[in-house]
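Have a look at the structure below before the remarks.
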Amino acid sequence: MGGKKPPRVIYWFRTDLRLHDSPALKAALDLQPEVLWPIFTWDPHYVYKVKGGVNRWQYLLDCQNDLSGSITKLNPKSKLFVLREGPQTLFPKLFKAWGVTHLVFERDTDTYAKERDRFVMQLAIKAGVEVITRYGRTLWDSDEVVAKNGGKPTMTIMQLQHAGQKIGQIPKPIPAPVSLPDPGETPLNFEHNEPDSRPDLNAEYRENKDKTYSTISGPTGDFAPETLEELGFPSATTPHRGGETIALKMLSDIIANKEYTATFKKPNTSPAAFEPQATTLLSPAMHFGSLSVRLFYWKSQEVVDGYGKGASSPPESLTGQLLFRDMYFAAQAGIGAPFLQTLNNSHVRFIPWHLPSKYTEDADNSDGPTTISGEYQVDSPVAEKWFQRWKYGVTGFPFVDALMRQLRQEGWIHHLGRHLVACFLTRGGCYIHWERGADVFEEWLLDHEPACNAGNWQWLSCTAFFSQFYRCYSPIAFGKKWDKSGALIRRYVPELKDLDEKYIYEPWKAPPQALAAAHVKIAGDGMGDAKEGVYPEPMLDFNERRTVCMNAMKVAYQIGLRGDDKKVKDGSWKKLFEDAGEKEMEGAEIPSDDNGSEADDAENENHKRPRKTRTGRKSDAVKEGPMDRHFKKVKAGS
DNA sequence: TCTGGCGTTGTATAA
DNA sequence: ATTATACAACGCCAG
């Protein structure tokens with residue numbers, strides 16, 4: 001140890017944008033660094049390959065700005081240095097130029113991020129840089145939970161709790177640092193790699209030219225966090241703002257209300273409440289790591305312990321919600337990448353929903369496709385129309401539409417609201433694949449967490465975690481139960497704001513006088529330009545569809561295929577359902593005479609599509625390393 | 001190995 | 001108004 005150079009440490013912030021309760025940051029400071037650079041790198045994967053609405057970008061920028069300010073408060077010379085280049089190309093140059101000895105970060109949980117981090121660790125080893133990581137994203141280390149659950153993913157809350165008990169007490173929160181070392185010099189005497197932005201899944205959101213990667217240190221040259229303008233985005237529409245300061249204030253306000261905290265029962269909170277919402281709204285903060293889940297856990301638990309009789313307990317309680325979050329993370333850790341899809345997922349039921357995902361060809365896998373491509377098959381034009389009407393909140397069912405519009409505008413809806421719209425899209429109405437719904441939530445939710453999103457969609461669609469498909473949410477009755485007067489509908493579906501409460505959940509039943517008095521007409525499908533004073537007709541007969549869906553679910557359960565079944569991959573599942581007389585999936589066939597060959601063609605269509613690599617190149621795709629597809633090769637001589 | 005009880009968050013109807 | 005029950009019936013978990 002004696003002859004070693006004093007530590008020059010990069011602390012790499014990613015999804016842990018906070019100073020309070022950060023085990024990884026503590027590990028960095030325990031090195032007693034000579035200099036410490038708090039950095040954030042702009043990963044092109046998230047900029048271009050993860051579809052995300054402007055609201056979530058705003059929330060991320062809020063978190064970065066707040067964190068940078070908090071760092072500067074501890075050391076006026078320091079801040080969050082935001083570097084506009086992918087970590088895979090940036091780090092080797094940075095290690096050398098800045099004389100780095102240690103790289104420290106909190107471990108990630110997503111497939112892409114884990115792969116990226118393995119790659120970066122190899123770069124560090126090559127450069128003689130020591131890497132230190134800690135977990136801090138979950139209550140317990142998800143890999144340890146899986147190990148204690150017999151090496152299996154946690155598919156019930158009981159399994160999670162048992163595994164957690166075996167591991168031991170959830171670590172107590174670590175106080176925020178009271179001081180931070182100076183940052184070192186930040187020379188940029190190296191070439192800047194601009195990533196390949198194609199395809200840019202967020203192009204539709206950009207109003208102006210994307211300048212994300214124009215320079216490493218940003219337009220002002222001082223590594224300041226980006227602005228929406230720099231990313232080419234318009235202003236956000238969400239009222240929910242990010243940042244550790246706000247998150248800690250929200251948490252302290254919640255726990256100051258001892259009765260709310262100690263007696264919280266999730267199923268008793270209203271999905272129709274707004275201003276204020278019935279739940280904590282801290283899920284986006286946990287997603288970006290501006291709030292530590294363990295700090296939340298222990299602050300809540302202390303209130304429960306001090307409350308005595310009458311306190312709620314898991315799974316309904318506040319801490320119970322955090323346990324469910326850990327359950328999904330440990331399910332993902334146990335199953336791996338297929339957790340986010342049906343294909344190749346041994347724990348998810350196969351149901352022949354409409355609008356199924358297309359598969360990505362795997363040249364190196366003779367066993368058939370293993371991943372979904374992000375595109376889907378329009379097997380039924382009617383289902384596609386239902387899906388679009390669901391997504392944009394013009395189904396003609398006011399409570400569904402209110403929730404979907406709230407989601408799109410604000411990036412957040414109550415958990416039970418998510419239940420209703422998810423059930424309606426899948427097993428309780430449209431019979432559309434849960435992966436389609438998960439795509440929309442991924443795009444619009446501020447708190448989008450891949451593991452929790454996929455897990456909850458599996459739950460609601462009764463493909464994993466939950467199986468009582470005969471319990472079906474009604475788009476009419478469920479809202480009424482919580483909000484008889486339809487306040488949520490009046491707020492988010494203003495066309496109906498003056499409609500008599502008797503008809504607010506079923507406006508198509510309103511007599512002409514009631515509609516005239518409310519200055520609204522019930523007409524059309526809601527697609528195209530919105531017309532003043534017009535609200536669409538219901539897109540389906542819910543009672544009829546509920547019966548159809550339930551019968552179809554029953555058949556699918558009897559057939560009992562899982563996502564990793566060979567028949568799912570090769571398309572031979574179809575015959576099983578035909579033999580069982582399943583009618584709903586007939587929409588999944590191209591109308592044809594009895595030989596069935598056209599249907600087979602439709603099924604094989606995705607295998608015939610030309611190979612599309614992420615770089616858009618074809619011939620040299622095989623020679624690429626695992627991370628190469630995320631950025632351009634260094635431009636020779638430029 | 002079998003079995004009854006129960007599962008964070010359903011609905012419609014009846015008492 | 002609250003509470004019970006049928007609906008048609010999954011699958012984990014503990015005994």
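Note on naming: letters A, B, ... go to the chains in the order of the sequence lines (proteins, then strands), and numbering restarts at 1 for each one.
- Each of A/R408, A/R436, A/K51 was checked for a salt bridge (charged side-chain N to carboxylate O under 4.0 Å, His left out) with A/E443, and the lone residue meeting it is A/K51.
- Under the rule for a ring pair (Phe, Tyr, Trp, His ring centres under 6.0 Å), the partners of A/W444 that lie at least two apart in sequence or sit in another chain are A/Y392.
- By the ring pair (Phe, Tyr, Trp, His ring centres under 6.0 Å) test, A/F329 is found to be paired with no residue, residues two or more places apart in sequence or in another chain being considered.
- Partners of A/Y470 by ring pair (Phe, Tyr, Trp, His ring centres under 6.0 Å), not counting sequence neighbours: none found.
- The two atoms that bring A/I335 and A/M155 nearest to each other are CD1-SD, 4.3 Å, heavy atoms only.
- Within residues 319-332 of chain A, the residues having any heavy atom under 4.0 Å from DNA chain B are, by residue number, A/Q321, A/F324.
- The aromatic ring centroids of A/H419 and A/Y473 lie less than 6.0 Å from each other.
- Aromatic ring centres of A/W508 and A/F397 lie closer together than 6.0 Å.
- Contact between the side-chain N/O atoms of A/K554 and the OP1/OP2 oxygens of C/dA8 is not found at any separation under 4.0 Å.
- For the residue pair A/H354/A/E384, the side-chain donor-acceptor check at 3.5 Å is not satisfied.
- Contacts of residues 275-283 of chain A with DNA chain B (heavy atom under 4.0 Å): none.
- Residue-level contact check: A/W482 touches neither bases nor backbone, having no heavy atom under 4.0 Å from any strand.
- Take A/R427 and apply the salt bridge (Lys or Arg N to Asp or Glu O under 4.0 Å) test, not counting sequence neighbours, and it matches no residue.
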Write down the protein N/O and nucleotide N/O pairs, taken from nucleotides 12-15 of chain C, whose separation is under 3.5 Å; answer none if there are no such pairs.
from   : atom 1 : to     : atom 2 : distance (Å)
C/dC13 : OP1    : A/T156 : OG1    : 2.7
C/dC13 : OP2    : A/Q159 : NE2    : 3.3
C/dA14 : OP1    : A/H162 : NE2    : 3.2

* Asked: Can you give the dot-bracket line for DNA chain C, where a pair is Watson-Crick or G-U wobble with both atom distances under 3.5 Å, crossing pairs use [ ], and | marks a partner on another strand?
  -> .||||||..||||||
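- Residues of residues 140-149 of chain A that place a heavy atom closer than 4.0 Å to DNA chain C do not occur.
- Residues passing the ring pair (Phe, Tyr, Trp, His ring centres under 6.0 Å) test with A/Y297, sequence neighbours excluded: none.
- Between A/F324 and A/Y328, the ring-plane angle classifies as tilted under the 30° and 60° cut-offs.
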Is there any protein nitrogen or oxygen under 3.5 Å from a nitrogen or oxygen in nucleotides 10-13 of chain B, and what are the pairs?
from   : atom 1 : to     : atom 2 : distance (Å)
B/dT11 : OP1    : A/S474 : N      : 2.8
B/dT11 : OP2    : A/K481 : NZ     : 3.3

Atom pairs, protein N/O to nucleotides 4-6 of chain C N/O, distance under 3.5 Å:
none

